[in-house]
Amino acid sequence: MLKEKYGFKEVEDKCNILWEGSKVYKWNGEKDNTFTIDTPPPTISGKLHIGHIFSYCHTDFIARFQRMLGKDVFYPIGFDDNGLPTERLVEQTYKTRAKEVGREKFIEMCHEVIEKSKQEFKELFKSVGISYDWDLEYHTISKETVTLSQMSFIDLYNKGYAYRKMQPILWDPVDKTAIAQAEIEDKVFESSLNTIVFSTQENEQINIATTRPELLPACVAVFCHPEDARYTHLIGKTAVVPITETKVPIIADDKVKIDKGTGLVMCCTFGDELDIYWQQKHNLPMKIIIDQDGRISLYDVIPVLDTGIQEKEPMPAMTEEDIMSAYGQKKEEWIPVSATRMTDDILNEINGLKVKEARKRIIEILTEKELLIESTNISHSVKCAERSGAPLEILPTYQWFIKTLEQKAQVLDKVKECNWHPATMRKRMEVWIEGLNWDWCISRQRYFGVPFPAWYSNRKGEEGKIILAEIKDLPIDPLKDLPKGYSKEEVIPDQDVMDTWATSSITPQLSALAVNSEFSLPNHRYDTIFPADLRSQSHEIIRTWAFYTILKAHYHANSLPWKNIMISGWCLADDKKKMSKSKGNIITPHVILETYGADVVRYWAANSRLGVDTVYSENIFKIGKRLVTKLWNASKFVSMFMEKYQTLSINSAHETMDKWILSKLYKVIERATNNLLQFEYCEALGVIEEFFWKDFCDNYLELAKKRAYGDKVDSEANLSAKQSLAYVLNIILRLFAPFLPYITEEIYHQLYSYNSVHNQSNWPSKEELIYDKYSEEMGDNVIQILNIIRKMKADNNVSVKHLIKKLVIKASVQEDKLDQSAQDDLQAVCNAETIEWMQSELETEDGKYIVNIDLY
């Protein structure tokens, strides 16, 4: 007999110990029966909120279902513990910066912090019942991961997909690192559109509107549209830049928008991506006036060569061939900005200022010199770093890249081969790929990450030659290790680390312990679990994690990384914004778990459809709590009619309403199974929950109650009710198990088996049941009549148990009359002394029954 009340805290503690000890979630390595899940490794951010467990629960629903379906589930969890987020967390924790303590000490501090944060995540995942095989845990900074990441890089380099080049790149002046196109976000800022007076050498005034007047010293050309009648006479002439009085060419190009601003555009190197395009297309000179700190720098000869990290060894010098390759210009064409005719006073005023401050001062100078015609306040979109939120600059630096543009068509084909859930999310990926216009920059000027296994030769005659580590020597740190055959004086180590996505993009390979069939670790499992069956992730990292993983699997093995991808939405706060520490709208999961318990939290997570953002709702938690309570109470009622661990059989189910509930359950199993096979966990839960509340609790328990108690114990009717109750509850527990693992485990363990409800091959099959169409239709008729009677009693303000002297039922056809078994159950639940049947023409909407009751 179950306890009077369900205590979730006690049960959760007991189950967690039981599951860990029994290894019920262990992957056994069944090659032909493995279901592999590629899980997102959470970033060690230091601040947990309810959103962290939201999509992880979604994946767990599928993992538990597949395991119960009979699959040997490979379900790992990783931790994304390298990279910028960890560095930030360390800086916040220790109130220091990397340059203040030195590289080695800082990396040591990073390891200390991630260990603490990792334990917090592990406790959270365990407390909500995520069924990981913790023996498969991986880390993006571990020795194995560094080895596989470096293998991946070497494989890509050898195949010609990875290259190093100095070129203009998106630069974050706050974190002082290059970033990739996928790591930017558009933010709306208040600014001003400033119309500035330029002139031609012939002293004709021309006006140019710009939001970045601080880039005037970097202006190298003026552009107009070749069909703009206002300016065709200027094409080929020379413009004079205000303040600097620099002479620049006026060039026609069809990328100029005639209806934007004044129709004239100044090209500055580099204000935006269009400037890069024009500089390269028209072989324009460069004037880089913003440094890596985001300050105006007017005295340096450009381009900037350092990496942003101060080390003892300098980066390799740029050769003249490098310049010509990157920019199409000779060294003598470089122009020091200080060589312009800008007055020393103005030069000194803006030199060293942050970009925003310089913009303000340039506008003031233009106003003083009567060179500003108009300044209009506007709101416009600015490209910013996703992590720091800082507006980006474009600076030429040496970086490592992975080719993306030349393989766009092939990657799009791979995207179409994959099964997307929901299918609409595939379009997001296709739009992203079609809009790509940069190769993927994978190098970062940071400390805590996977180092590139590369050096640059200093030997005479091979200066600048790239030297890669040998596979057998991996993992290596070029700052400490040397390439075979070279001394320390003969090489310059690469000081950058890989973008953390360069590692996360091989999570299927990290789990397989192999990049492909050629590059692997000992005892790899590549042939068993690659490609994975399922990738689960949220929609905001489609353009990063999903794209990069597909790209790398294509390059490494000409394969998809997984067969299916399941996209979750965001968990939104009450203000309908994504939860984040910076917004101050996070909800701590520990408080919710302490209040409601893990099953209720999981129920809330399961009530969100794939790909749809879900607002945090206390109401859903209350509904979930009510469901858990009802499941306990219903099980407690059923347990009255069964012996512990009794042998279950439906051979005794002879009565119509017993066969009705079994037939209903037959269809529920079929629908829920099909939903879960398509990863539609929300729809599956809805089907199961509706059956439990309406068919089982509201109707069947009431209809079978009298027979189960029974005046004639062990009669056929009594045994039919008791066996059916026990059998149906058993299957209900197994259906709810992926969603509500704790309460189902407790009830199942106490009533049915010493084994876990979550054991492999314990998912209910419709073959376990009977489907009787006659009983289903007859039972539906009973429910229809019962609902009419309930409403009539409610309208008469009497309880549902109120005695009916006479119940008259009019049916349109003889076949709609209930059989004796069904009528007996109806009479008992309605508390009717007599039932009289009549046949007549009906005027009801459904054309089946008219019911009259004569109450006492």
Side-chain angles (χ1 to χ4, degrees), residues 82 103-104 107 138-165 307 311-313 315-316 398-403 440 442-444 446-527 530 551-559:
N82 75 47
R103 186 175 193 135
E104 285 194 20
I107 291 175
Y138 66 88
H139 302 268
T140 59
I141 200 62
S142 69
K143 179 180 178 181
E144 292 79 11
T145 296
V146 172
T147 300
L148 288 163
S149 297
Q150 291 181 340
M151 280 182 180
S152 168
F153 171 77
I154 292 171
D155 185 42
L156 294 177
Y157 183 85
N158 290 342
K159 291 175 176 176
Y161 295 131
Y163 66 93
R164 187 171 184 267
K165 184 179 180 181
T307 65
E311 298 289 346
K312 293 180 181 179
E313 298 292 343
M315 290 298 290
Y398 265 118
Q399 304 292 343
W400 281 103
F401 297 87
I402 292 177
K403 293 178 180 178
W440 176 17
I442 62 165
S443 48
R444 298 292 181 268
R446 304 302 304 176
Y447 295 82
F448 193 57
V450 177
F452 286 92
W455 301 262
Y456 307 97
S457 177
N458 258 344
R459 278 182 182 172
K460 189 174 181 180
E462 62 175 38
E463 289 87 354
K465 173 188 172 184
I466 296 172
I467 308 164
L468 296 186
E470 295 186 13
I471 295 295
K472 64 181 179 61
D473 296 330
L474 301 179
I476 66 101
D477 182 349
L479 295 175
K480 298 176 181 178
D481 303 317
L482 289 171
K484 185 177 180 180
Y486 286 83
S487 66
K488 185 177 181 181
E489 292 72 28
E490 291 179 309
V491 293
I492 298 172
D494 194 310
Q495 299 169 24
D496 290 350
V497 296
M498 295 183 197
D499 170 18
T500 187
W501 288 116
T503 294
S504 297
S505 60
I506 57 168
T507 51
Q509 292 93 331
L510 296 182
S511 292
L513 302 178
V515 172
N516 50 29
S517 56
E518 182 182 358
F519 294 93
S520 62
L521 298 181
N523 302 315
H524 71 85
R525 45 203 178 211
Y526 186 79
D527 295 336
F530 189 90
L551 180 73
K552 278 204 169 184
H554 169 62
Y555 282 161
H556 287 310
N558 191 25
S559 167

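- Between Asp496 and Gln399 the shortest side-chain heavy-atom distance falls below 4.5 Å.
- Between the side chain of Ser511 and the backbone N or O of Pro508, no donor-acceptor pair lies under 3.5 Å.
- Minimum heavy-atom separation, Arg444 to Met498: CG-C, 4.3 Å.
- Not one N or O on the side chain of Asp499 forms a donor-acceptor pair closer than 3.5 Å with the backbone of Ser443.
- Taking the six-membered ring where the residue is Trp, Phe153 and Phe452 present perpendicular rings, their angle passing 60° and hence far from 30°.
- Proximity of a side-chain donor or acceptor of Tyr555 to a complementary backbone N or O of Lys403 within less than 3.5 Å is detected.
- Between Arg164 and the choices Tyr456, Tyr398, Tyr157, the side chain to side chain donor-acceptor pair (under 3.5 Å) rule is met once, by Tyr456.
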For side chain to side chain contact (heavy atoms under 4.5 Å, CB included), just list the numbers for Lys165 and Trp400, CA-CA rounded to whole Å, side-chain angles, deciding distance to a tenth of an Å, and then say yes or no. CA-CA 7 Å; Lys165 184 179 180 181; Trp400 281 103; over 6 Å; no
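- Looking at Lys159, its side chain does come within 3.5 Å of a backbone N or O of His556 through a donor-acceptor pair.
- Shown here for Ser457 and Glu462, the closest heavy-atom pair between the two residues is OG-OE2, 2.7 Å.
- For the residue pair Ser487/Glu490, the side-chain donor-acceptor check at 3.5 Å is satisfied.
- For the atom pair CZ of Arg525 and CG of Leu513, the computed distance is 4.5 Å after rounding to the nearest 0.5 Å.
- Remark: Glu104 engages no residue in a salt bridge (charged side-chain N to carboxylate O under 4.0 Å, His left out) (not counting sequence neighbours).
- Expressed to the nearest 0.5 Å, how far CZ of Phe519 lies from CG of Leu148 amounts to 11.5 Å.
- Separation of atoms OG (Ser504) and CG (Leu510) is listed at 8.0 Å; rounding is to 0.5 Å.
- Judged purely by atom type and a 3.5 angstrom limit, Thr145 has no side-chain atom pairing as donor or acceptor with the backbone of Ile141.
- Not counting sequence neighbours, Gln150 has no partner by the side-chain hydrogen bond (donor to acceptor under 3.5 Å, both in side chains) test.
- Note on ring orientation: taking the six-membered ring where Trp is involved, the planes of His524 and Tyr526 are perpendicular (angle over 60°, cut-offs 30° and 60°).
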Using residues 465-482 as the side-chain source, report each donor-acceptor pair under 3.5 Å to any protein atom, sequence neighbours left out, with the distance given to one decimal.
| from | atom 1 | to | atom 2 | distance (Å) |
| --- | --- | --- | --- | --- |
| Asp477 | OD1 | Leu479 | N | 3.0 |
| Asp481 | OD2 | Asp477 | N | 2.8 |

Determine whether Leu521 and Met151 satisfy the following criterion, side chain to side chain contact (heavy atoms under 4.5 Å, CB included), listing intermediate values before the conclusion. CA-CA 10 Å; Leu521 298 181; Met151 280 182 180; 4.1 Å; yes
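- Of all the heavy atoms in Ser152 and Lys552, the pair that sits closest is OG-NZ, 3.1 Å.
- Heavy atoms of other residues, nucleotides or ligands lying less than 6.0 angstrom from NZ of Lys143 number 12 at most.
- For the pair Leu551 and Ser505, the minimum side-chain heavy-atom distance is 4.5 Å or more.
- Of the possible donor and acceptor atoms, none in the side chain of Asn516 sits under 3.5 Å from a partner among the backbone N and O of Ala557.
- Shown here for Pro493 and Trp455, the closest heavy-atom pair between the two residues is CA-CD1, 3.7 Å.
- Taken to the nearest 0.5 Å, the OG atom of Ser149 stands 4.0 Å off from the CD1 atom of Ile506.
- Side-chain contact between Ile442 and Ile402: present, with at least one pair of heavy atoms (C-beta onward) separated by less than 4.5 Å.
- Side-chain N/O atoms of Thr500 and Thr503 include no donor and acceptor closer than 3.5 Å.
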Please report the C-alpha distance between Tyr138 and Glu144 in whole Å, then the side-chain angles of each, then the deciding distance to 0.1 Å, and finally whether the side chain to side chain contact (heavy atoms under 4.5 Å, CB included) criterion is met. CA-CA 9 Å; Tyr138 66 88; Glu144 292 79 11; over 6 Å; no
